[in-house]
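Here's the structure, in structure tokens; my notes come after.
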There are 2 protein chains.
Amino acid sequence: MVARGQARPTLRDVAVRAGVSVSTASLVFSGKGPVAEATGERVRAAAAALGFTGPNPLASSLRHGRSGAIGVLVEGRLRMAFRDPFAIAVLDGLAEVLEAVPTGMLLIGQPRGSDDSVVLQLAPLALDAVVFSLCGPGDNPAVEHLAARGIPMFSTGVPGDRRITQVRVDERAAGVAIAEHVRSLGHQRVAHVAMPMLPTSAAGPVPDAEVQPAEANVPSVGRLLGFRDVFGPDAPAVQTGDGSSFEGGTIAGRALLDVPEPERPTAIVAQSDVIAAGVILAAEELGLRVPEDISVTGFDGVDLPWLPHRVTTMDQQGREKGRILGTLVRRRLDGERPRSVTQPALLRVGTTTAPPR
Amino acid sequence: MVARGQARPTLRDVAVRAGVSVSTASLVFSGKGPVAEATGERVRAAAAALGFTGPNPLASSLRHGRSGAIGVLVEGRLRMAFRDPFAIAVLDGLAEVLEAVPTGMLLIGQPRGSDDSVVLQLAPLALDAVVFSLCGPGDNPAVEHLAARGIPMFSTGVPGDRRITQVRVDERAAGVAIAEHVRSLGHQRVAHVAMPMLPTSAAGPVPDAEVQPAEANVPSVGRLLGFRDVFGPDAPAVQTGDGSSFEGGTIAGRALLDVPEPERPTAIVAQSDVIAAGVILAAEELGLRVPEDISVTGFDGVDLPWLPHRVTTMDQQGREKGRILGTLVRRRLDGERPRSVTQPALLRVGTTTAPPR
DNA sequence: GCATGCTATCGAAACGTTTCGAGTCGAATC
DNA sequence: GATTCGACTCGAAACGTTTCGATAGCATGC
């Protein structure tokens with residue numbers, strides 16, 4: 001029942017005790033190949049008696065060449081990544097599909113700046129695939145390493161390497177769609193709050209040099225391009241210094257709204273719901289009512305239970321995106337070569353937009 | 001440079017190409033044992049030429065008996081678990097320590113109700129240790145399985161099994177401390193909003209039968225006991241139906257505050273900051289100002305950037321707790337047998353408490 | 001009475017490392 | 001010149017499975 005000494009029992013111990021060969025014992029646990037009822041029973045009894053809880057996963061993995069784990073690369077500190085409810089939604093959908101396989105998700109943190117340390121961290125890990133779902137723009141040193149190891153890679157748009165199978169949305173088209181909605185309400189002075197264009201971008205107005213039309217698949221860039229497709233290339237845009245964050249939204253909101261009324265935008269298009277929430281706080285701090293005095297839109301379509309508004313947003317259906325990602329991973333592990341897919345984003349009108357006064 | 005055909009190169013391929021034995025090649029990559037400079041160079045060159053990215057982790061793990069991954073058990077859907085910023089803080093601290101080893105964190109979801117499926121999910125996973133940090137009260141079927149496999153277990157208080165090494169706080173004492181603070185301000189009619197006493201608890205008033213003094217190590221129970229140590233055994237307490245959630249706090253807050261003024265409590269002691277935030281929303285919805293009309297306290301000491309208050313709370317230093325947890329895991333993997341530890345929780349007075357009017 | 005087919009079982013060969021003990025060789029020591 | 005010592009290298013034996021091909025037993029069909 002309990003381990004004698006230190007060593008765990010092995011399949012061989014079980015086989016010996018049951019009076020069968022190791023291969024037969026293996027068959028009993030894997031369920032492949034025909035085994036007589038009585039034999040199976042004897043083996044299971046021996047296993048129970050020895051406290052054998054099943055074949056050693058490491059040995060089994062080595063034989064199969066599969067570890068049963070996929071890596072999830074997390075850029076920056078965990079606490080930051082997990083503040084983004086959209087990322088969580090994707091992860092949740094992913095887990096939902098992978099649970100059934102079953103495959104575990106191995107979190108791999110990647111603190112900023114330590115470029116090659118992630119490779120050192122990755123090298124000793126046995127992974128069947130890797131998902132980039134909490135990463136920002138820019139190249140990731142992990143991509144080269146994983147490509148060399150032949151580990152299949154998946155992402156939700158960034159990094160944009162062609163060796164990575166993607167579940168993406170047409171960011172620019174989505175940016176156009178929400179901007180159109182704002183314009184159709186009658187807004188003309190409209191500003192944009194973006195996530196950083198580059199990993200190195202500083203908070204503040206977006207420099208034109210950082211907006212490369214070729215990078216339209218990067219969410220921050222694509223959404224800004226879409227916005228400017230509607231409101232013109234000179235429509236004001238500021239970026240946060242830290243991705244999709246509430247604080248970043250608040251800071252940007254103050255900068256845009258704390259100006260004399262004639263210059264003040266009548267609507268702000270933000271690149272995420274969390275940023276939009278921050279902008280709303282900034283507006284309310286300044287005594288502006290949303291949506292009467294100022295309209296605010298978000299992006300993502302996540303639940304913000306603590307926000308007493310329903311943000312007008314582009315619903316990206318994060319959980320569904322995660323599920324699709326999971327399905328792609330599964331199919332890849334089954335030997336197929338699934339191609340990248342594009343998911344639609346849907347305009348969802350909430351309580352934070354109205355015609356200008 | 002690139003894989004020929006499908007097969008990845010192995011250490012043997014590298015050794016052959018470099019004209020050395022496999023064991024010597026192994027020495028080069030592991031850095032153990034003396035290797036002549038020239039030999040090492042030759043092996044590395046051969047590896048580069050073949051596109052060998054390092055020893056196969058699976059084989060290496062089998063040999064070492066270590067997988068380089070620790071499991072993190074997540075009760076309920078991922079999205080729910082990750083809504084709790086305290087859990088995230090613990091995870092963040094844990095990751096900080098484990099990154100350096102390096103060891104990955106393998107998330108294992110455990111949807112409610114599917115009692116033995118977690119074992120099925122766990123069985124094929126190679127884990128060096130398991131951390132329960134996002135789990136609620138009650139027994140967990142995974143504990144038996146892991147104990148049988150001899151996998152070291154760690155937790156932050158629950159489950160309370162003695163085979164698990166714990167980083168806990170004295171929940172009851174902490175509950176007393178914050179209640180004392182509220183009483184010292186002069187409050188007499190004080191209510192409590194708890195997390196569920198049992199996994200099966202329904203939202204609403206806490207039935208006496210669910211409050212077992214023996215279970216004082218369970219956070220929800222211990223904190224309530226501490227609260228009642230100060231305000232008496234009949235002080236009103238309601239529990240949420242879903243752990244530490246904003247919505248749960250709002251619902252409970254409405255139930256407690258939407259009553260005629262003479263019956264209304266002048267302070268509410270909540271079992272988490274997130275719940276406290278929900279209570280504050282409920283209060284404000286009813287036109288009550290915090291802290292002028294009603295004081296609200298939380299628990300945990302997490303950052304809620306979107307909340308325009310600094311909650312008075314017991315700071316549990318989640319990140320530090322996670323770091324300690326990580327250190328315990330590390331020491332255990334180094335062969336020590338670290339004992340459970342108790343962390344202090346510190347009263348941190350914010351802007352949500354004041355004397356009653 | 002012999003080929004045929006099926007079921008149940010087994011031995012041996014992987015899977016790709018790491019580690020242990022042993023061996024080689026040249027330099028230093030007596 | 002024999003001995004001792006390091007530095008370096010190597011072969012072989014694990015680590016605990018899974019899988020392939022072979023074999024044995026036994027009934028079926030002619």
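Please read all numbers here as calculations on a predicted model, not as lab measurements. Residue numbers begin at 1 in each chain, while the letters A, B, ... track the order of the sequences.
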Side-chain touch [X]/[Y], heavy atoms, less than 4.5 angstrom:
X: A/P141; Y: A/V118; answer: yes
X: B/K321; Y: B/L325; answer: no
X: B/D13; Y: B/T10; answer: yes
X: B/L11; Y: B/F29; answer: yes

Atom pairs and distances, side-chain donor-acceptor, residues 96-103 of chain A, under 3.5 Å, sequence neighbours left out:
{"from": "A/E96", "atom 1": "OE1", "to": "A/R319", "atom 2": "NE", "distance (Å)": "3.0"}
{"from": "A/E96", "atom 1": "OE1", "to": "A/R319", "atom 2": "NH2", "distance (Å)": "3.2"}
{"from": "A/E96", "atom 1": "OE1", "to": "A/R323", "atom 2": "NE", "distance (Å)": "3.4"}
{"from": "A/E96", "atom 1": "OE2", "to": "A/R323", "atom 2": "NE", "distance (Å)": "3.2"}

Quiz item: If you fit an axis to the five pairs at each end of the helix from C/dG1-D/dC30 to C/dC30-D/dG1, how big is the angle between those two axes, to 10 degrees?
Solution: 50°
With the criterion being N/O to N/O and under 3.5 Å, what pairs connect the protein with nucleotides 23-26 of chain D, and how long is each?
none

Quiz item: Partners of B/R83 by salt bridge (charged side-chain N to carboxylate O under 4.0 Å, His left out), sequence neighbours excluded?
Solution: A/D303, B/E247
Quiz item: Excluding sequence neighbours, so at least two apart, what forms salt bridge (charged side-chain N to carboxylate O under 4.0 Å, His left out) with A/D84?
Solution: none
Practice problem: Enumerate the residue pairs fulfilling salt bridge (Lys or Arg N to Asp or Glu O under 4.0 Å) with a member in residues 24-47 of chain A, sequence neighbours excluded, ordered by first and then second residue. | Solution: A/E41-A/R44
Practice problem: Give every residue pair that meets the side chain to side chain donor-acceptor pair (under 3.5 Å) criterion with at least one member in residues 121-138 of chain A, sequence neighbours excluded. | Solution: A/S67-A/D128
Self-check item: Of all pairs that satisfy side chain to side chain donor-acceptor pair (under 3.5 Å), the ones with a partner from residues 147-164 of chain A, not counting sequence neighbours
Solution: A/E144-A/R163, A/H145-A/R149, A/S155-A/Q166, A/D161-A/R163
Exercise. Output all residues satisfying ring-ring contact (aromatic ring centres under 6.0 Å, His included) with A/F86, sequence neighbours left out; order by chain, then residue number.
Key: none
Self-check item: ring-ring contact (aromatic ring centres under 6.0 Å, His included) partners for B/F132, two or more places apart
Solution: none
Exercise. Between protein and nucleotides 16-22 of chain D, map the contacts as a letter string: B base, S sugar-phosphate only, - none, heavy atoms under 4.0 Å, written 5' to 3'.
Key: BBBB---
Quiz item: For DNA chain D, what residues of residues 33-44 of chain A have any heavy atom nearer than 4.0 Å?
Solution: none
